[in-house]
Q: 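Below you'll find the structure I mean.
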Amino acid sequence: MSESKGSFGVAGSGDTSGYSGLVRTKVTPGSSERPFGGYFDEVADELERAFPEFGAAIEKVVIDRNELTLYVKRDHLRAVALTLRNTESLRFEMCMGVNGVHYPDEKDRELHAVYELLSLTHNRRVRLEVALPDSDPHLPSLVEVWGGVNWHERETFDMFGIIFDGHPGLTRILMPDDWQGHPQRKDYPLGGIPVEYKGATIPPPSERRTYR
Amino acid sequence: MSTYSDPYAESRETTEGRVYSVTGGDWDSLATEIGATKEERVVVNMGPQHPSTHGVLRIILELEGETVTETRCGIGYLHTGIEKNAEYRSWTQGVTFVTRMDYLAPIFNETAYCLAVEKLLGITEDVPERASIIRVLMMELNRISSHMVALGTGALELGALSPMIFAFRERELVLDLFEMISGLRMNMAFVRPGGVAQDIPEGGVAKIRETVTTLRKNFKDNEKLLIGNTIWMKRTQNIGYLDLAGCTTLGITGPVLRSAGLPWDLRKIAPYCGYENYKFDVITTDTADVYGRFLIRMQELEQSLRIIEQACDKLDKTVGQPVMVADKKIAWPSQLSVGADGMGNSLAHIREIMGESMESLIHHFKLVTEGFRVPAGQVYVAIESPRGETGVHLVSDGGTRPYRVHFREPSFNNLQSTSAMCEGSMIADVIGAIASIDPVMGGVDR
């Protein structure tokens with residue numbers, strides 16, 4: 001749960017509308033309680049059976065919009081991934097990739113890595129989410145578990161600066177090799193220049209007054 | 001006068017200034033040096049501006065004679081930061097950005113994105129039936145136009161020119177339909193959160209049926225040219241082999257996975273947009289080679305035509321029904337229409353907001369400038385695009401703009417299999433293998 005103030009994206013612009021005093025609370029989906037419904041209970045049960053350290057490894061289970069997210073502690077990520085792949089009743093054979101999300105306001109949990117897993121055998125999907133501090137952005141690489149996450153991990157490194165330990169060749173993939181910074185982080189500016197059109201100057205998209 | 005001398009360019013002084021004679025490297029001594037070593041290893045850089053690398057794809061090949069020993073892909077030449085840009089626009093404007101990712105399958109990008117926004121909003125069930133039918137219709141038309149490029153350019157790259165001419169002739173017919181329906185031939189931004197931008201124009205369904213008949217007849221030309229053609233078979237059979245285990249570990253989906261024998265098609269496995277109401281077959285082969293993938297794409301054309309015909313029947317039954325959610329806080333306020341310069345606000349709507357209703361004007365203004373808010377959370381939505389699973393990971397923080405938009409592009413993922421397919425084969429087969437993956441660099445680099 002977080003709060004946001006004002007209605008517009010830019011502060012101190014002499015807004016006299018009164019909307020700058022607006023306070024809005026944002027509710028993010030919290031931890032879910034059993035029963036989870038659908039196949040989610042079965043996945044959680046089977047994982048708990050096959051992986052005795054379930055309680056220590058899984059921070060929380062979130063069921064939101066009919067999707068299952070397991071928040072995994074990073075020290076256990078590799079073991080959880082292997083269990084999910086190898087256990088016969090789980091069989092998540094495919095990893096559809098890893099994606100980063102940057103939450104600069106979450107202290108010591110600024111960077112999130114999100115894995116989307118798919119089971120061909122059972123036609124099920126599970127999302128693994130790992131939070132890690134910006135000051136120590138290391139994560140074990142899962143290339144040995146699913147070879148296909150190779151490029152996805154490189155992209156996440158490129159865009160967010162998450163370092164995947166044990167990756168066979170962790171280099172930038174989309175940005176040039178000598179690029180500075182990690183573009184998808186929230187503190188990385190979008191850039192752009194003001195454009196003049198018929199005498200008026202239009203600022204770049206990131207500096208325009210926009211609604212929150 | 002400077003005393004600088006260039007080791008590669010001798011110079012002499014003239015009355016007009018210094019004149020250099022550029023001679024270049026000493027190739028004779030270099031060639032002798034290479035010939036003297038026992039290991040004959042050559043590194044060849046293919047692309048990024050090579051006509052048969054499907055756009056700006058760079059492939060670094062290590063060769064021993066004509067045998068490829070190592071393959072590496074260099075990508076990123078078409079990276080345009082679409083995902084980052086989308087974070088600075090409203091949810092509806094995002095459609096205009098994502099449609100430009102995989103530019104051969106724009107409707108799939110739009111639909112996947114809109115399904116994700118709708119799932120975040122919790123209005124998946126509220127999308128009108130007619131909107132879903134139009135989405136299916138557009139997606140299947142798009143699958144045909146995309147497969148036509150895959151087949152046409154694939155054949156061209158292996159030296160067959162005529163199939164390309166035929167394929168682009170067919171693609172043109174489909175693009176004409178797109179133009180009739182949305183006003184644009186590609187990057188239409190036609191699918192919107194909550195429905196589609198506008199209804200099929202009058203007489204549109206009849207035109208689609210007519211085109212389906214023409215296409216069905218014309219597809220035979222390509223089949224006759226390639227299926228059973230000795231040269232084509234020799235260039236494609238047992239090339240670019242990737243079996244089911246390889247596909248699974250590399251996360252490969254789409255025709256490449258189906259060529260390994262697994263009938264995995266999200267339209268059947270996890271239906272969306274009402275695909276469960278259509279009759280069609282999932283095409284597979286068990287050859288796991290370039291020829292198998294080519295056959296799958298060719299036969300999927302017919303399946304797409306079947307779906308389009310069924311969609312046309314459904315459209316006839318739902319004439320006059322809405323194509324946008326009823327919730328006026330989400331639905332785009334105006335019904336758009338195709339004018340002489342493409343899609344735009346309908347004149348009737350302009351008349352209403354400018355001349356008749358102040359409330360309508362305010363409503364229009366608020367929705368266009370501010371947009372709607374989406375409850376915080378994250379979703380992952382996957383659909384079956386012509387190249388495999390297009391997945392959208394959307395994160396909302398509860399605002400009017402996406403917090404994070406990520407596309408799991410099948411081209412990006414599938415391109416990883418280049419090494420597995422090509423290493424150990426002849427250099428000529430690299431082209432065929434990459435053509436069978438059918439990567440679109442707009443999707444790979446985003």
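Reminder, nothing fancy here: chain letters follow the sequence lines and each chain counts from 1. Computed from a predicted model, the values in this text were never measured in an experiment.
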Q: Is chain A contacted by the side chain of B:T369, its backbone, both, or neither, given a heavy-atom distance below 4.5 Å?
A: both
Q: For chain B, find which of A:G148, A:G100, A:P176, A:C95 contributes the most heavy-atom pairs closer than 4.5 angstrom.
A: A:G148
Q: Rounded at 0.5 Å granularity, tell me how far CG in B:D445 sits from CE in A:M175.
A: 11.0 Å
Q: Which one of A:L120, A:N150, A:T69 has the most heavy-atom pairs closer than 4.5 Å to chain B?
A: A:L120
Q: Check each atom of B:L257 against the heavy atoms of chain A and say whether the ones under 4.5 Å are side chain, backbone, both or neither.
A: side chain
Q: State, to 0.1 Å, how close B:W264 and A:S119 come at their nearest heavy-atom pair, and which atoms those are.
A: CH2-O, 4.1 Å
Q: Among A:I173, A:L118, A:L190, single out the residue with the greatest number of heavy-atom pairs under 4.5 Å to chain B.
A: A:L190
Q: Is there a donor-acceptor contact under 3.5 Å linking the side chains of B:Q378 and A:E129?
A: yes
Q: What distance do A:W151 atom CH2 and B:I75 atom CD1 have between them, rounded to the nearest 0.5 Å?
A: 4.5 Å
Q: Using a cut-off of under 4.5 Å for heavy-atom pairs, which of A:V145, A:D158, A:N123 has the most such pairs with chain B?
A: A:N123
Q: Pick one of side chain, backbone, both or neither for A:R85, based on which atoms fall under 4.5 Å of a heavy atom in chain B.
A: neither
Q: Taking side chain as everything from C-beta outward and backbone as N, CA, C, O, which of these in B:E87 sits under 4.5 Å from a heavy atom of chain A? Side chain, backbone, both or neither.
A: side chain
Q: If you look at every heavy atom in B:Y88 and A:Y188, which pair is closest and at what distance?
A: OH-O, 4.3 Å
Q: Using 0.5 Å steps for rounding, measure from the CD atom of A:E155 to the CZ atom of B:F412.
A: 4.5 Å
Q: For the atom pair NE2 (B:H393) and OH (A:Y115), what is the distance rounded to the nearest 0.5 Å?
A: 13.0 Å
Q: Examine whether an atom of A:E116 lies under 4.5 Å from a heavy atom of chain B, and if so say whether it belongs to the side chain, the backbone or both; otherwise answer neither.
A: side chain
Q: What is the minimum heavy-atom distance between B:Y380 and A:R125, and which atoms define it?
A: CE2-NH1, 3.5 Å
Q: Working note: B:R408 + A:N99, criterion side-chain contact (heavy atoms from CB on, under 4.5 Å); need CA distance, chi angles, decisive distance, verdict.
A: CA-CA 9 Å; B:R408 186 264 178 205; A:N99 170 34; over 6 Å; no
Q: In sequence, state the C-alpha distance, the side-chain angles, and the governing distance for B:H406 and A:Q184, and then conclude on side-chain contact (heavy atoms from CB on, under 4.5 Å).
A: CA-CA 10 Å; B:H406 178 69; A:Q184 285 284 3; over 6 Å; no
Q: Short question: side chain of A:E93, backbone of B:T248 - any donor-acceptor pair under 3.5 Å?
A: no
Q: Given that the side chain runs from C-beta out, which part of B:P375 has a heavy atom under 4.5 Å from chain A: side chain, backbone, both or neither?
A: both
Q: Is B:E389 close to chain A through its backbone or its side chain, or both, or neither, when contacts mean heavy atoms under 4.5 Å?
A: side chain
Q: Would you mind checking which part of A:R124 comes under 4.5 Å of any heavy atom in chain B, side chain (CB onward), backbone (N, CA, C, O), both or neither?
A: neither
Q: Heavy-atom pairs under 4.5 Å with chain A are the metric here; pick the option from B:N414, B:L78, B:L415, B:T124 that has the most.
A: B:L415
Q: Rounded to the nearest 0.5 Å, what's the gap from CD on B:E83 to CE on A:M159? Could you check?
A: 7.5 Å
Q: Does atom NZ of A:K186 have more than 12 heavy-atom neighbours from other groups under 6.0 Å away?
A: yes
Q: Heavy-atom distances under 4.5 Å only: say whether A:H102 touches chain B with side chain, backbone, both or neither.
A: backbone
Q: Are there more than 12 heavy atoms of other residues, nucleotides or ligands under 6.0 Å from atom CG of B:D286?
A: no
Q: Hey, mind stepping through A:V101 and B:Y403 against side-chain contact (heavy atoms from CB on, under 4.5 Å) and telling me if it holds?
A: CA-CA 9 Å; A:V101 189; B:Y403 191 75; 3.9 Å; yes
Q: Treating B:K84 as the side-chain partner and A:P183 as the backbone partner, does any N or O pair qualify as donor plus acceptor under 3.5 Å?
A: yes
Q: To the nearest 0.5 angstrom, please state how far the CE atom of A:M94 sits from the CD1 atom of B:I252.
A: 7.5 Å
Q: Could you pull out the closest heavy-atom pair between B:R89 and A:P205, with the gap in Å?
A: NH2-CG, 2.9 Å
Q: Select, from B:I269, B:V395, B:V444, B:L262, the one with the greatest count of heavy-atom pairs under 4.5 Å involving chain A.
A: B:I269
Q: Verify the neighbour count for atom CD of A:Q180: are there more than 12 heavy atoms of other residues, nucleotides or ligands below 6.0 Å?
A: no
Q: Is chain A contacted by the side chain of B:V379, its backbone, both, or neither, given a heavy-atom distance below 4.5 Å?
A: both
Q: If you draw a 6.0 Å radius around CD in A:E144, do more than 12 non-hydrogen atoms from other residues or ligands fall strictly inside?
A: no
Q: Relative to chain B, which of A:N66, A:D64, A:V114 shows the most heavy atom pairs under 4.5 Å?
A: A:V114
